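Heads up: the structure comes next, in structure tokens.
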Amino acid sequence: MELASWVVNNFVAFAVLLLCSVSTSVAAAGKQVQGEGQKLRFGQNGEFKILQVADMHYADGKKTGCLDVLPSQVPGCSDLNTTAFTQRMILAEKPDFIVFTGDNIFAYDATDSAKSLDAAFAPAIASKIPWAAVLGNHDQEGTLSRKGVMKHIVGLKNTVSQFNPPEAHVIDGFGNYNLEVGGVKGSGFENKSVLNLYFLDSGDYSTVPSIPGYGWIKPSQQLWFQRTSAKLKKAYMSPPEAQKAAAPGIAYFHIPLPEFASFDSSNFTGVKQEGISSASVNSGFFTTMVGAGDVKAVFTGHDHLNDFCGELTGIQLCYAGGFGYHAYGKAGWPRRARVVVASLEKTEEGTWGAVKSIKAWKRLDDEHLTAIDGHVLWSKSSAGNRRKKGIIGA
């Protein structure tokens with residue numbers, strides 16, 4: 001079936017979904033529909049699934065054409081293809097949580113940034129699945145400032161995004177926050193955060209005249225991260241169900257760290273088809289995460305033709321791959337999304353306990369939503385073995 005025809009036919013169904021506000025997750029076994037202010041939590045199946053959407057580059061919907069697609073895909077191709085792909089992923093994976101990792105809109109081409117944001121996030125809002133977003137380097141290039149974009153996102157339905165942490169009186173950027181994922185309801189871990197999610201604003205462009213290029217995660221943000229990580233670790237290692245180490249953490253932001261350049265095809269899963277467009281200075285955030293000890297994986301966007309994961313000093317550094325059709329890409333190389341699943345272990349009593357593993361894969365926007373590159377990012381058993389051997393990141 002031609003892609004344009006698929007989009008036209010299926011977008012009608014999506015429009016009905018929007019009007020009726022039907023949740024695609026209600027009928028899913030073991031899934032919870034969580035509204036605003038509700039706690040993220042593992043389902044009764046002992047899993048928590050996250051869909052990452054990177055670089056939608058949404059603009060003016062049907063009026064905005066696609067970039068870097070095959071000649072046969074050009075007729076009728078628009079932002080609506082991005083909308084359709086988002087909806088397909090939600091229906092196929094039925095995630096517990098959706099994360100948008102920046103460049104959600106390509107604001108320079110958007111007539112009205114607020115309307116573009118509304119349209120970009122519409123499938124997530126309609127699904128009633130909790131979702132969160134961080135900013136990229138293009139979100140603020142239209143009719144809303146960077147601050148205005150984040151304020152608009154925080155005001156949308158079903159989002160758990162936050163403007164900034166209330167306890168941080170001075171912090172750089174907009175959209176720095178953490179979310180706690182509780183254990184299974186009714187288990188001994190019900191009131192513990194067994195998975196910690198960190199969201200940071202990696203900036204847009206350098207504001208220091210002598211430093212060219214992209215922005216970076218600043219000292220004020222790193223201090224907030226360190227304090228938050230330490231607080232969460234203390235709570236997790238305290239009664240009830242006191243644990244011997246911190247709960248695993250995952251970090252989401254837009255611009256990759258310089259350490260993403262540490263890999264080649266021999267030591268990553270996925271592909272690298274362009275350079276690493278990190279900041280031209282290293283602000284030390286990777287070292288900060290290693291020191292904190294809880295972050296097991298980092299997920300970014302920004303470089304659309306890279307979709308690899310590689311492990312460095314015990315932390316997986318991962319791209320999602322380009323998602324949006326108005327974003328640059330590579331004709332014949334399908335747009336894609338990343339899925340991450342954290343799974344719990346069973347306790348001696350037979351109830352759900354702490355996180356035992358974190359796995360990931362990607363899905364392509366082809367006829368079958370082909371799943372590729374499935375692998376384990378982290379497991380409690382292998383981490384324990386490394387500690388026993390005294391080897392970090394082995």
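One is the number of the first residue; the rest follow in order along the sequence. All of these numbers come straight from a predicted model, not from anything done at the bench.
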Result block: side-chain N/O donor-acceptor pairs under 3.5 angstrom for residues 59-69, not counting sequence neighbours:
| residue | atom | partner | partner atom | Å |
| --- | --- | --- | --- | --- |
| Asp60 | OD1 | Thr111 | N | 3.0 |
| Asp60 | OD2 | Thr111 | N | 3.3 |
| Asp60 | OD2 | Thr111 | OG1 | 2.5 |
| Thr64 | OG1 | Asp60 | N | 2.7 |
| Asp68 | OD2 | Gly329 | N | 2.8 |

- Do the side-chain N and O atoms of Asn282 and Glu259 include a donor-acceptor pair separated by under 3.5 angstrom? yes
- Query: Under 3.5 Å, is there a donor-acceptor pair between the Asp373 and Thr269 side chains?
  - Reply: no
- Do Trp224 and Glu167 get their side chains close enough for a donor-acceptor pair, meaning under 3.5 Å? yes
- Message: Looking only at the aromatic ring of each residue, does the gap between the centers of Phe121 and Tyr58 stay below 6.0 angstrom?
- Response: no
- Lys/Arg N to Asp/Glu carboxylate O, Lys192 vs Glu241, below 4.0 Å: no
- Identify whether the distance between the nearest side-chain nitrogen and carboxylate oxygen of Lys233 and Asp294 falls below 4.0 Å. no
- More than 12 heavy atoms from other groups under 6.0 Å of NZ on Lys346: yes
- Item | For Val170, the rest of its hydrophobic cluster, which grows through side-chain links under 4.5 angstrom | none
- Please state whether the rings of Phe225 and Tyr198 are parallel, tilted or perpendicular, taking 30° and 60° as the class boundaries. perpendicular
- Message: Please determine whether residues Leu51 and Leu364 belong to a single hydrophobic cluster, defined as Ile, Leu, Val, Met, Phe, Trp and Tyr linked transitively by side-chain heavy-atom distances below 4.5 Å.
- Response: no
- Query: Does the separation of the ring centres of Phe263 and Phe268 fall below 6.0 angstrom?
  - Reply: no
- Item | Side-chain donor-acceptor contact under 3.5 Å, Ser202 with Tyr214 | no
- Query: Is any side-chain heavy atom of His254 closer than 4.5 Å to a side-chain heavy atom of Asn137?
  - Reply: yes
- Message: Heavy-atom count check: over 12 atoms from other residues, nucleotides or ligands less than 6.0 Å from Tyr108 OH?
- Response: no
